[in-house]
Amino acid sequence: MNLFTDIRALVLSAIGALQAEGTLPEGLNTAPVTVEPPRDPLHGDMATNAAMVLAKPARLKPRDIAEALATRIASDPRVSSAEVAGPGFLNLRLAPSLWQALPRAVLDRGADFGRSGMGQGAKVNVEYVSANPTGPLHVGHTRGAVFGDALASLLDFAGYEVTREYYINDGGAQVDVLARSVYLRYLEAHGQAVEFADGTYPGEYLIAVGEKLKERVGDRFLNTGEQVWLEEVRDFATAEMMDLIREDLAMLGVRMDRFFSEKSLYGTGRIEAAIESLKDKGLIYRGVLEPPKGKTPEDWEPREQTLFKSTEHGDDVDRPIMKSDGAWTYFSPDIAYHYDKVQRGYDQLIDVFGADHGGYVKRMKAAVSALSDGQTPLDVKLIQLVKLFKNGEPFKMSKRAGTFVTLRDVVEEVGPDVTRFVMLTRKNDAPLDFDFDKAIEQSRDNPVFYVQYAHARVCSVMRKAAQAGVDVSDAALSAADLSVLSHEAELGLMKKLAEWPRLIEIAAKGHEPHKVAIWLNELASDLHGLWNRGHDDPTLRFLQDDPATSQSKIALARAVAVVISAGLGILGVTPMEEMR
RNA sequence: GCACCCAUAGCUCAGCUGGAUAGAGCGUCGCCCUCCGAAGGCGAAGGCCUCAGGUUCGAAUCCUGAUGGGUGCGCCA
């Protein structure tokens, strides 16, 4: 149930009627016609721009069209008034009974209220986190993980068939570095003094891995060369790191449908197949790139390389896919990975990257465009930095000093719910300030608390009502008389609830889960507002002397709680029933 | 030098993809606890939406350019 689409259908049918009687010409494009809540509530419940967008093609004055539409639309029983305003807006007021039907609709559909069929079951692949398997996840990864996870849930709620996927970079040189670092820790476990040279990972999290390796292989790798141990240590170490990362993700409540190994692309002909596909399209050639202007590297010299003609698909320069020694560049397995995704039949791909990979977007889009013949859209969401604060003071993070903050640190400090919600209250492309103290502060300016508190308040009222002998089951509340909810503050809250299905579609369409968090904060604010009105006006309180009236009032409160709970569910946050 | 992202109240940020008089929280100022939860509530002040052009009925939103900030730029992933 989406009132906005219902009313839009009403507007369109009115347009059709006007066409039938010859007031409006045939063949008008009605796609730009929108029905939305006006910014100013004085303008009514809904406003349509129909007259203004049709004026030009119909060669009529907007206000004339609006007048004609108004007469038609006003005759519908759902509409209590239709007036023309401003340059040609048509402002509609809806019958209170329409709004009063909302709590019942919410109670009957429960957490599924607002679920949309918009996606029509289209298959979407969301790739996120994809951190190198060389260490624990840090705060930057955390934001990407939360974002990707919430986006996936949002798309699911909007009717898409979603796959959550993690790409393991276990094929490149960095896992060799990891292996060498673990080997040093292994030597250390055997009592040897070791030194961590540049290009190794000195992190202490590898000590335990070194010891575990010792338990496993004993002294078999002592006094041997890399050719003996590198492969085995590499496989062992990356498996250990992935276990660690899986644990980190589990702490946050993030689960993946699939982990895709980069290594599985090597030696299996899969990279070759992807490149071959590009070659068939005439997009692979041998050539020499121009040096970048203005910032030519010291050691620049022209080299002939195997290149992908990504400029054919919107990139700025063609990209090398093979090094001069014949090995693949890092780009090639990525092409093969996305080729695999395209071949798995997804209708849409989404990649969630850190903002430092911004320069990588165009070539990835070019690759997907080429591989799918422009059929599979790829949306790349860049996640900006997280700045950490404690007591308002910036929290310095340095990998070299070993003081980088891990996902585990954050979750252990504030909990998964707070971590997730805070990270979703900002647009993905805006930097985020994360203050440890504010995050757990229980006050108005902490949106996590504010939304949770609204939910807990409703639960509290329901407990009280139940103690007084009032039946507050969803079935009983759904049967309550909702026509008594006629106060402007109550109607306002119902109007807010009516936005939920629409908000889901807007947020899903834009791949913007933060809109859910922002909107939940508004909904909570409206509920708290109504609650506070109860201080001055006892008739607005949820608990009334008369059980039947209590049920009516609580039906509205409960509906709000159901939607908050569903919204938090999309964000992966547990609604609290009590916060004392 | 080039590409991408960003610029909205003193501060931190929303702004429903082009709609009407641009919003919220914090901070500031003034009121308010006998009241279902005062870890709060009500109200006020606060704006050249960085700047300059353009597109159109209409621009914070779209296009061009400028300024300021971030990120990246051929055998590192």
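Side chains included, hydrogens not; waters and symmetry mates left out as well; all remaining heavy atoms used.
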J.: Identify whether any heavy atom of A:Pro87 sits under 4.0 Å from a base atom; if not, whether one sits that close to sugar-phosphate; answer base, sugar-phosphate or nothing.
T.: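 The residue A:Pro87 makes base contact.
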
J.: Using a cut-off of 4.0 Å on non-hydrogen atoms, how would the nucleic acid contact of A:Pro538 be classed: base, sugar-phosphate, or nothing?
T.: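 Counting heavy atoms under 4.0 Å across all strands, no contact is made by A:Pro538.
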
J.: Answer yes or no: is there an ion pair linking A:Glu577 with A:Arg463, defined by an N-O contact shorter than 4.0 Å?
T.: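 So A:Glu577 does not pair with A:Arg463 through a salt bridge.
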
J.: So what does A:Tyr453 touch, heavy atoms closer than 4.0 Å: a base, only the sugar-phosphate, or nothing?
T.: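 Base contact.
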
J.: For B:C73, give the paired nucleotide (Watson-Crick: N1-N3 plus N6-O4 or O6-N4; G-U: N1-O2 and O6-N3; both under 3.5 Å), or none.
T.: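 Base-paired to B:G1.
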
J.: What integer number of Å spans the P atoms of B:A38 and B:C33?
T.: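 After rounding to an integer number of Å, I get 14 Å for this pair.
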
J.: Rounding to the closest angstrom, what is the interatomic distance between B:G23 and B:G40 at atom C1'?
T.: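 One C1' to the other, the span is 22 Å.
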
J.: Work out how far the P atom of B:A60 is from that of B:G43, and round it to whole angstrom.
T.: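 Their P atoms lie roughly 27 Å apart.
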
J.: Base, sugar-phosphate, or nothing: which does A:Glu262 touch, judged by heavy atoms less than 4.0 Å apart?
T.: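 Sugar-phosphate contact only.
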
J.: When all nucleic acid strands are considered with a 4.0 Å heavy-atom cut-off, which category describes A:Ala507: base, sugar-phosphate, or nothing?
T.: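 Counting heavy atoms under 4.0 Å across all strands, no contact is made by A:Ala507.
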
J.: When we call it a touch if two heavy atoms are under 4.0 Å apart, what does A:Ser460 touch: a base, just sugar-phosphate, or nothing?
T.: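 Counting heavy atoms under 4.0 Å across all strands, the contact made by A:Ser460 includes a base.
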
J.: Can A:Arg234 and A:Asp176 be counted as an ion pair, charged N to O under 4.0 angstrom?
T.: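 A:Asp176 and A:Arg234: salt-bridged.
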
J.: When we call it a touch if two heavy atoms are under 4.0 Å apart, what does A:Arg319 touch: a base, just sugar-phosphate, or nothing?
T.: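 Contact class for A:Arg319: none.
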
J.: Choosing from B:U17, B:G41, B:C75, which nucleotide comes nearest the side chain of A:Glu512?
T.: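 Given the options B:U17, B:G41, B:C75, the side chain of A:Glu512 is closest to B:U17.
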
J.: Looking across every strand, which nucleic acid part, if any, lies under 4.0 Å from A:Gly358 by heavy atom: base, sugar-phosphate, or nothing?
T.: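 No contact.
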
J.: What distance, rounded to whole Å, do you find between the two C1' atoms, one in B:G68 and one in B:C62?
T.: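 Here B:G68 and B:C62 have their C1' atoms 22 Å from each other.
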
J.: When the C1' atoms of B:A14 and B:G25 are compared, how many Å lie between them, rounded to an integer?
T.: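 Comparing C1' positions in B:G25 and B:A14 gives a spacing of 10 Å.
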
J.: Inspect the surroundings of NZ in A:Lys438 and state if more than 12 heavy atoms from other residues, nucleotides or ligands are less than 6.0 Å away.
T.: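 Check fails, neighbour count at 12 or below.
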
J.: Which part of the nucleic acid does A:His528 contact within heavy-atom distance under 4.0 Å: base, sugar-phosphate only, or nothing?
T.: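 Nothing, no nucleic acid heavy atom in range.
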
J.: So, is B:U17 syn or anti if syn means the angle is within 90° of 0?
T.: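 For B:U17, whose glycosidic angle is within 90° of 0, the conformation is syn.
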
J.: Between A:Lys390 and A:Asp437, does any NZ, NE, NH1 or NH2 come within less than 4.0 Å of an OD or OE carboxylate oxygen?
T.: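 Salt bridge: no.
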
J.: Give one of base, sugar-phosphate or nothing for A:Asn132, where a contact means two heavy atoms less than 4.0 Å apart.
T.: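 The answer is sugar-phosphate, as A:Asn132 gets under 4.0 Å only of primed atoms, P, OP1 or OP2.
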
J.: Look at the side chain of A:Arg502 against the base of B:C16 and say whether a donor-acceptor pair falls under 3.5 Å; ignore hydrogens and angles.
T.: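 Pair found.
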
